[in-house]
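Read through the structure below, which is laid out as structure tokens, and then see the notes.
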Amino acid sequence: MIGTESELAGMIDQTNLEMGASEQEIADFCARSVPFGFRAVCLLPNQVGAALSVLRGTSIGLAACVSFPLGLDRWEVKAREAAELCDLGVDEIDMVVHTGRAREGDLSWVEREVAAVRRAVALPRLLKVIIEVPVLPAELVGPVAVAAEAGGADLVKTSTGYKRLGIRATSAGDVRLLRSLLSPTTGIKAAGGIRSLGQLEEMVEAGATRVGASRGIEIVEEWRLRRAGDPSGC
Amino acid sequence: MGSGSDQLEGWPDLVAPTRGELGAAFRALRQAGVAAVAVDPAEVALARQLLDGFPAPVVALISAPLGAMTSGSRMAQAELALADGADELAVAVDPSLVRSGKLGRAVAELSPLRRLAEGRTLRVICHLALLGPDLGAEAAAGAVDGGADLVMTNSHFDGEVTGEQVAAVRRRVGQRIPLVASGGVAATSQAAPLLLAGATRVAVGWSGFYGEPSP
């Protein structure tokens, strides 16, 4: 149950992963996001400079994706990209596992690559690991999530949510499954097709501790409208 | 105008392929006799092994499909791909820099890769479908000036290549270098008009070599 607007915004990674977005478009996106107090803005690696010019000095964190969106990199490259992004000033890393090895059930591969990136992302920076649930065989979702956790993930993230991959949206069932298997100290980020307050609440009820959304502003505005219509929040 | 296998390249189009699926794809490409095989960087070593004895070059996709990697990781990716046995590199130019009016910087980022790939073919992916024919052709011209040996129109996420895109690049860079029409080509039967428009070769999704897709 989300009690306040700041609690809501504090769960949202306001996301823009548009390929080829210009520096000005990213700066504008970040500037629009600042007043809403999101937990973080989540972007592609080449947008970090433009984002920091706006976000530095604000309370909003900056998250950047690694090996996005396919995860088809060697672990050395993922670790290098994460380290470079941390040096630039990123607060959180959203890495994609090698989706092909994950689909094979090569759990030691997944754990090893997550551990390699973990070494490059020292706390208090957070490491989120995207396991791309929609492409995994159902019986492998749990094992892959547990391997990511064993490798050092702070949060396991359901999906890239990347439309160009043509994959289904994240479901509350995906989140419930992860919640039932992962340690209570491991967070869950639901991402992929979450476009409304109702969908966000469904994910949180299922156990998500963070939500990635490209429509974070609209979701908070929906919350405000609801509150305006019913100040008790009931 | 038809399209022979020497005018076709294999291009990854599977989401999260397993090693078994990659093996099947490479067998089909070998059987088809394609002129080059593009692969994601983590799979170069496997491709090298499975394509042993097949003469077509293995092309490692660098900073693809989005062209959004940091400079250091892009270099690390290229170095490892070459160490794993890649014959050529296909680097996606940073489309955000191009759209930000910083084509010069986007081209300058190619320089270390050009030096690294000394003596090998350096391809540059120019995102024509994303940038539009005019800006995309500008990016292609910049890439040629920056040392590209070959231009590819699109990454596999940009959108579909068209004859208009191919013609735009040809108008801008002339016949100086080979041009591969790439992006969204799912069947070998789609190649002919792109070759007619001026492409040297056409990159067809791996699945296109298993047989024509169902209507």
Side-chain angles (χ1 to χ4, degrees), chain A residues 17-27 43-50 64-85 87-88 90 96-106 109 113 120 132 134-137 160 162-167, chain B residues 12 14-22 39-46 60-81 83-84 92-102 105-106 109 127 129-132 135-136 139 155-159 184:
Chain A
L17 302 172
E18 276 304 310
M19 179 183 183
S22 72
E23 292 173 346
Q24 189 59 54
E25 286 163 349
I26 291 299
L43 302 170
L44 294 172
N46 61 338
Q47 308 292 11
V48 163
C65 294
V66 162
S67 198
F68 192 89
L70 300 168
L72 301 181
D73 281 304
R74 284 175 51 162
W75 64 263
E76 298 95 327
V77 174
K78 297 184 185 191
R80 174 67 186 267
E81 189 167 35
E84 206 174 354
L85 290 165
D87 287 345
L88 288 170
V90 160
V96 187
V97 300
H98 190 306
T99 48
R101 300 297 185 269
R103 274 187 68 226
E104 290 173 25
D106 190 341
W109 182 295
E113 67 175 352
E132 204 66 296
V135 305
L136 294 178
T160 57
Y162 206 60
K163 278 180 281 188
R164 290 171 198 259
L165 288 173
I167 55 178
Chain B
L14 306 174
V15 175
T18 63
R19 279 170 281 205
E21 290 164 344
L22 288 167
V39 296
D40 290 298
E43 310 299 6
V44 170
L46 182 67
L61 297 169
I62 302 301
S63 198
L66 306 184
M69 290 178 76
T70 54
S71 54
S73 55
R74 187 170 46 224
M75 275 301 282
Q77 194 181 50
E79 285 165 4
L80 286 168
D84 282 346
V93 75
D94 184 335
S96 296
L97 284 176
V98 178
R99 285 197 65 242
S100 300
K102 297 182 177 178
R105 200 172 125 201
E109 287 188 346
H127 310 288
L130 178 75
L131 298 172
L135 192 53
S155 81
H156 38 323
F157 278 31
D158 281 307

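So that the names make sense, note that chain A is the first sequence line, chain B the second, and so on, each numbered from 1. Here the structure is a predicted model, which is why all the values come from computation and not from measurement.
For the salt bridge (Lys or Arg N to Asp or Glu O under 4.0 Å) test, residues two or more places apart in sequence or in another chain that qualify with A:Glu76 are A:Arg74. With sequence neighbours excluded, the residues forming a salt bridge (Lys or Arg N to Asp or Glu O under 4.0 Å) with B:Glu43 are A:Arg101, listed by chain and number.
Using a 4.5 Å cut-off between heavy atoms, A:Gln47 contacts chain B through its side chain alone, with no backbone atom that close. With a 4.5 Å cut-off on non-hydrogen atoms, A:Glu25 touches chain B through its side chain but not through its backbone. Heavy-atom distances place the side chain of A:Leu85, and not its backbone, under 4.5 Å from chain B. Within the 4.5 angstrom heavy-atom criterion, no atom of B:Arg74 approaches chain A. Using a 4.5 Å cut-off between heavy atoms, B:Pro12 makes no contact with chain A at all. Contact of B:Leu130 with chain A is made through the side chain alone, with heavy-atom distances under 4.5 Å. Only the side chain of B:Leu97 comes within contact range of chain A, with heavy atoms under 4.5 Å apart. Residue A:Tyr162 touches chain B through its side chain alone, counting heavy-atom pairs closer than 4.5 Å. Heavy atoms closer than 4.5 Å to chain A are found nowhere in B:Glu79, neither backbone nor side chain. With a threshold of 4.5 angstrom between heavy atoms, B:Asp84 approaches chain A through side-chain atoms but not through N, CA, C or O. Of the two parts of B:Ser155, only the side chain, counted from C-beta on, holds a non-hydrogen atom closer than 4.5 Å to a non-hydrogen atom of chain A.
For B:Ser96 (side chain) and A:Ala21 (main-chain N/O), a donor-acceptor pair under 3.5 Å exists by modelled atom type. Distance alone, capped at 3.5 Å, places no donor-acceptor pair between the A:Arg80 side chain and the B:Ala76 backbone. A donor-acceptor contact shorter than 3.5 Å links the side chain of B:Ser100 to the backbone of A:Glu23.
The shortest heavy-atom contact between B:Ser71 and A:Glu84 is OG-OE2, 3.5 Å. Contact between A:Asp73 and B:Pro41 at its shortest, heavy atoms only, is OD1-CG, 3.3 Å. For the pair A:Arg103 and B:Pro17, the tightest heavy-atom approach, listed with the atom from each and the gap, is NH1-CA, 3.9 Å. In this structure, A:Met19 and B:Pro95 approach most closely via the heavy-atom pair CG-CG, 4.5 Å.
Note: B:Ala42 leads B:Gly67, B:Ser63, B:Ala42, B:Gly101 in heavy-atom pairs under 4.5 Å with chain A. Ranked by non-hydrogen atom pairs under 4.5 Å with chain A, the options B:Met75, B:Glu21, B:His156 are led by B:Glu21. Ranked by heavy-atom pairs under 4.5 Å with chain A, the first of B:Thr70, B:Leu61, B:Asp40 is B:Thr70.
With contacts defined as side-chain heavy-atom distances shorter than 4.5 Å, the pair B:Pro65/A:Leu70 qualifies. Residues A:Asp106 and B:Arg19 form a side-chain contact, since some pair of their non-hydrogen atoms from C-beta on lies under 4.5 Å apart. For the pair A:Thr99 and B:Val15, the minimum side-chain heavy-atom distance is 4.5 Å or more.
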